[in-house]
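Before any comments, here is the structure.
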Amino acid sequence: MKNRIKEKIKEALIMLQIDLPEEGVFVEETKDISKGDFSTNIAMRLASVEKTDPLILAERIVKSLKKDKDFKLIEFVKPGFINFFLSDTYLLGEIEKYAKLGADYFAQNIQKGRNIAIEFTDANPFKIFHIGHLYTNAVGESISRMQESLGASVKRVTYQGDVGLHVSKTMWGVEEQLKKEGKNFSDIEKLDLEERVAWLGSCYILGAEMYDYSKESKAIEEINEINYYIYYLTNPSLEKKDFSKFEEVNIKEKYTKGRLWCLEYFEKIYSVLGTKFDNYFFESEVSEMGLEIVKKNTGEIFKKDAGSVIYEGEKEKGLHTRVFINKYGLPTYETKEIGLALKKEELLRSDESIIITANEQSSYFKVIMDVLSKLNPEIAYKTKHFSHGVIRLPNAQKMSSRRGGVISGEWLFSETKRKVLSIMSNSDELEPELVDEISDKIAIAAIKYAFLKVTIGSDIVFDFDKAISFDGDTGPYIQYVYARANSLIKEFGTGDSQNICLGSCLANPFVERLVRTLSKYRVAMLDSALTYSPSTLCQYLFDLSQSFNAFYQNVRLSEMSEDDRGVYLVIIRAVLNVLQSGLFNLGIPIVEKM
RNA sequence: GUACCUGUAGCUCAAUUGGAUAGAGCAUUAGUUUGCGGAACUAAAGGUUGUCGGUUCGAUUCCGACCAGGUACGCCA
């Protein structure tokens with residue numbers, strides 16, 4: 001429709017013998033329905049060139065527009081805007097397609113045939129899965145789904161740090177903790193999965209405490225040795241040393257088992273969140289590849305410096321100098337990241353590669369991209385790094401997994417679910433066997449929506465009580481609308497046989513508002529997907545939900561004739577289809593009842 | 001110190017990328033129900049968009065300076 005309006009304007013300008021500006025005609029959806037469905041500022045932009053009053057020019061353009069039955073009004077107004085109002089017939093016809101075609105009509109095959117790899121979540125085994133991971137997961141899953149709904153073929157990728165200092169700190173902590181508790185590793189193995197993972201987390205904190213805060217030199221030395229040993233296990237090119245003291249206590253076995261526990265635990269979380277990854281990459285698998293290419297290019301791109309290998313970023317481009325191979329000959333995060341990029345290319349050969357992380361890493365990623373553009377320009381060209389803000393607590397402290405003080409994803413979920421259950425218990429009588437499933441879905445909606453409604457990039461101040469409240473602009477509010485609309489259809493039927501175009505229902509302002517909002521879904525969805533911003537879609541769905549609730553409160557289906565009701569049922573069907581599609585694209589589950 | 005990000009109502013966030021009277025939610029206040037699901041609806045009140053200047057028909061948006069906060073800056077990830 002936007003393009004049609006653009007064409008119409010262009011025709012009018014030709015008739016008026018006015019050159020159209022280089023940038024073309026801008027047509028936008030209006031934010032306020034009193035100003036029509038679309039508007040253009042073309043008259044104001046041309047006024048200075050044409051040296052006339054914008055309002056007069058707007059009038060001349062409007063008068064030169066060809067007649068079009070799909071608009072009921074085209075007006076020119078105050079400073080010089082031209083507003084387009086869609087006709088009732090057009091709007092209702094659109095709603096009928098929403099109702100009857102649903103998902104088929106929402107699919108917009110703009111990205112058809114395009115392969116996109118999207119990397120997100122990136123949780124590290126041996127470290128806590130905190131609410132930051134929950135956030136990245138929500139963003140990544142939503143962006144993935146939106147790209148898919150545009151027709152792209154998406155590979156969901158996650159990259160997990162199973163080697164590195166955090167691992168050796170944990171393994172060091174494991175030995176200490178076992179001694180302290182007077183237990184054997186086999187005692188730990190008997191615990192539940194959650195307990196085992198939590199136990200490993202406490203070992204990490206112990207190791208990190210010694211390494212980073214107490215800075216006890218013996219512990220530091222041991223942890224560094226363990227680190228080398230674990231790297232050695234997966235990197236055959238590293239020089240062998242005397243590992244007998246680690247072999248005696250079987251660190252390899254403990255590491256292997258612990259790693260698997262964490263992965264199994266993560267998998268449980270992903271399944272609750274509704275993410276299914278296609279590819280899992282591990283630092284242990286990419287480090288060899290990274291080391292190889294960095295070594296090969298040392299002297300050219302990289303530089304030896306005090307026993308390590310570094311990359312000197314150009315200051316003018318605002319790039320930092322970073323260490324790629326440390327003085328022990330081990331690859332750092334940087335080198336592994338390069339290895340990862342190459343490995344991804346080898347396996348996936350995607351047209352576009354998106355990486356989603358917190359924005360603490362953005363200056364680091366600039367360096368990586370710079371290095372990559374020298375090593376392999378093609379990969380660098382198609383790789384995009386999106387960064388989102390961090391989750392902050394209200395007292396403005398950053399969460400650190402080293403010192404505790406982090407909120408785990410699991411804790412947030414169970415607390416939210418508890419609150420959901422307390423609200424559910426004082427309302428309707430739902431079948432008990434459904435309560436658990438439904439409360440899961442509502443909790444997920446509350447959490448994900450709280451994260452997704454904020455523009456990606458700015459920090460989220462995480463106020464627990466607000467995040468899990470269900471009033472107003474929240475996930476459960478939108479789910480509630482779905483459940484309400486669903487119960488109307490259950491009560492009165494689907495209205496399938498109805499020809500909606502017979503209706504004159506738009507005279508009612510509540511209906512008009514609902515229908516106009518409804519008709520904007522495809523545009524909102526496209527906008528949200530193309531700008532990779534789920535928040536746009538959140539706002540749209542909330543707006544739609546408000547329109548629906550107002551409609552619901554003011555239009556009573558039970559008090560009208562069969563024919564009139566039929567028209568409304570088509571509209572309600574359309575609302576259901578949009579909510580279903582929209583929530584799906586956010587990665588938020590729907591519920592039939594709640 | 002250097003670079004990047006942020007600053008909008010009491011709080012949490014929007015604002016279609018330079019457009020119309022800066023919009024929502026929460027909290028506050030006043031209403032709505034013998035009624036299809038009240039996790040609801042209708043209103044009111046709340047603003048010098050951090051400050052000062054500049055660019056133009058028009059600035060929350062662009063430019064400059066300053067103020068405040070955050071993040072990153074060679075062997076963590």
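By convention in this document, chain letters (A, B, ...) are assigned in the order of the sequence lines, proteins followed by strands, and residues within each chain are numbered from 1.
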Do the side chains of A/Glu75 and A/Lys35 get close enough for a salt bridge, i.e. N-O under 4.0 angstrom?
no
Among the candidates B/rG74, B/rU16, B/rA77, find the nucleotide nearest to the side-chain atoms of A/Lys31.
B/rU16
Side chain of A/Ile442 (C-beta onward), nearest among B/rA39, B/rG37, B/rC36:
B/rA39
Whole-Å gap separating C1' (B/rA77) and NZ (A/Lys336)
7 Å
Measuring only the P atom in each nucleotide, how far is B/rG25 from B/rA40? A whole number of Å is fine.
11 Å
Any base atoms under 4.0 Å from A/Ala306, or only sugar-phosphate, or nothing? Heavy atoms, all strands.
base
Quick one: pull up CD in A/Glu360 and OG in A/Ser387 and give me the separation to the nearest 0.5 Å.
10.0 Å
N/O (side chain, A/Gln539) to phosphate O (OP1/OP2, B/rG23) under 4.0 Å:
no
Touch check for A/Thr332, heavy atoms < 4.0 angstrom, all strands: base, sugar-phosphate only, or nothing?
sugar-phosphate
Without decimals, in angstroms, what is the distance between A/Leu55 CG and B/rG19 P?
19 Å
Between A/Lys520 and A/Asp543, is the closest basic N to carboxylate O distance under 4.0 Å?
no
Using the C1' atom on both, measure B/rG7 against B/rU61 and round to a whole Å.
14 Å
Verdict with supporting geometry, A/Met210 and A/Trp172, side chain to side chain contact (heavy atoms under 4.5 Å, CB included)
CA-CA 10 Å; A/Met210 284 306 194; A/Trp172 184 88; 3.4 Å; yes
Per A/Asp471 side chain, nearest of listed nucleotides B/rC75, B/rC26, B/rU42:
B/rC26
So what does A/Ser469 touch, heavy atoms closer than 4.0 Å: a base, only the sugar-phosphate, or nothing?
nothing
Nearest-Å distance once atom P is located in both B/rG46 and B/rA72
41 Å
Could you tell me whether A/Phe81 contacts a base, only the sugar-phosphate backbone, or nothing, with contacts defined as non-hydrogen atoms closer than 4.0 Å?
base
Nearest heavy-atom pair of A/Gly329 and A/Leu238: which atoms, and what distance?
O-CD2, 3.8 Å
Counting only side-chain heavy atoms from C-beta out, which of B/rU42, B/rC41, B/rA20 sits nearest to A/Arg513?
B/rU42
Stems where RNA chain B pairs, listed by first number, each of three or more Watson-Crick or G-U pairs under 3.5 Å:
B:1-7 with B:67-73, B:10-13 with B:23-26, B:28-32 with B:40-44, B:50-54 with B:62-66
Looking across every strand, which nucleic acid part, if any, lies under 4.0 Å from A/Asn326 by heavy atom: base, sugar-phosphate, or nothing?
base
Does B/rU17 sit syn or anti, given that only angles within 90° of 0 count as syn?
syn
Counting only heavy atoms and a strict 4.0 angstrom limit, can you tell me which residues of residues 313-325 of chain A come near RNA chain B?
A/His320, A/Thr321, A/Arg322, A/Val323
Same-atom distance (P) from B/rU60 to B/rG70, integer angstrom:
27 Å
In whole Å, measure the gap between the C1' atoms of B/rC57 and B/rC41 for me.
42 Å
Contact class for A/Gln479 (heavy atom, under 4.0 Å): base, sugar-phosphate, or nothing?
nothing
Between B/rU71, B/rA77, B/rA14, spot the one nearest the side chain of A/Ser458, thanks.
B/rA14
If you check every side-chain atom of A/Ser39, which of B/rA20, B/rG19, B/rA72 has the closest atom?
B/rA20
Regarding A/Glu285 and A/Lys343, does a basic nitrogen lie under 4.0 Å from an acidic carboxylate oxygen?
no
On a whole-Å scale, what distance lies between the P atoms belonging to B/rA24 and B/rA15?
14 Å
With sugar-phosphate meaning primed atoms plus P, OP1 and OP2, does A/Val555 contact a base, only sugar-phosphate, or nothing at under 4.0 Å between heavy atoms?
base
Pair A/Lys593 + A/Glu431, salt bridge at N-O below 4.0 Å:
yes
Assert: residue with more 5' nearest nucleotide on RNA chain B, out of A/Ala483 and A/Ser545, is A/Ala483
With rounding to the closest Å, how many angstrom separate the C1' atoms on B/rC13 and B/rG53?
29 Å
Quickly work out the A/Phe492 CZ to B/rG37 P distance and round it to whole Å.
8 Å
In whole Å, what separates the C1' atom of B/rG54 from that of B/rU42?
45 Å
Is A/Lys304 atom NZ crowded by more than 12 heavy atoms from other residues, nucleotides or ligands, each under 6.0 Å away?
no
For a quick test of reading the model, state the closest non-hydrogen atom pair linking A/Tyr482 to A/Val591 and the distance between them.
CD2-O, 3.3 Å
Within the structure shown, what part of the strands sits under 4.0 Å from A/Glu29 by heavy-atom distance: base, sugar-phosphate, or nothing?
base
May I ask you to say what A/Val523 touches in the nucleic acid, namely base, sugar-phosphate or nothing, with a heavy-atom cut-off under 4.0 Å?
nothing
Taking the minimum atom-to-atom distance to the side chain of A/Asp459, which one of B/rG35, B/rG70, B/rA39 wins?
B/rG70
Of the options A/Ile460, A/Asn137, A/Ile456, A/Val139, which is the one that meets A/Phe451 in a side chain to side chain contact (heavy atoms under 4.5 Å, CB included)?
A/Ile460
Sugar-phosphate, base or nothing in reach of A/Leu165, heavy atoms under 4.0 Å:
sugar-phosphate
With A/Arg513 as the cation and A/Phe551 as the aromatic partner, state whether NZ or CZ is under 6.0 Å from the six-membered ring centre and within 45° of the axis.
no
What is the distance from OH of A/Tyr477 to P of B/rG25, rounded to the nearest Å?
8 Å
What's the OH-C1' distance between A/Tyr480 and B/rA39, to the nearest Å?
6 Å
Find the distance A/Glu334:CD to B/rA72:P and express it as a whole number of Å.
14 Å
Round to a whole Å and report the spacing from OH of A/Tyr552 to C1' of B/rG38.
10 Å
Of the options B/rU71, B/rC36, B/rA24, whose atoms approach the side-chain atoms of A/Phe542 most closely?
B/rA24
Rounded off to whole Å, could you give me the OH-to-P distance for the A/Tyr449 and B/rC26 pair?
12 Å
Please determine whether any donor N or O and acceptor N or O are separated by less than 3.5 Å between the side chain of A/Glu28 and the base of B/rG19.
no
Could you tell me whether A/Ser487 contacts a base, only the sugar-phosphate backbone, or nothing, with contacts defined as non-hydrogen atoms closer than 4.0 Å?
base
OP1 or OP2 of B/rA15 less than 4.0 angstrom from a side-chain nitrogen or oxygen of A/Tyr540, does that happen here?
no
Which residue, A/Val420 or A/Tyr211, contacts RNA chain B at a nucleotide closer to its 5' end, judged by nearest heavy atom?
A/Val420
Remember a base hit wins even if backbone is also touched, and classify A/Asn83 as base, sugar-phosphate or nothing at under 4.0 Å, heavy atoms.
base
Selected nucleotide, minimal atom distance to A/Met44 side chain, candidates B/rG19, B/rA77, B/rG25:
B/rG19
Residue A/Arg484, side-chain atoms from C-beta onward, closest of B/rG19, B/rG37, B/rA77:
B/rG37
If you compare every side-chain N and O of A/Asn124 against the phosphate oxygens of B/rA77 (OP1, OP2), does one of them come in below 4.0 Å?
no
Test the A/Lys169-A/Tyr204 pair against the cation-pi criterion, namely NZ or CZ under 6.0 angstrom from the six-membered ring centroid and within 45° of the ring axis.
no
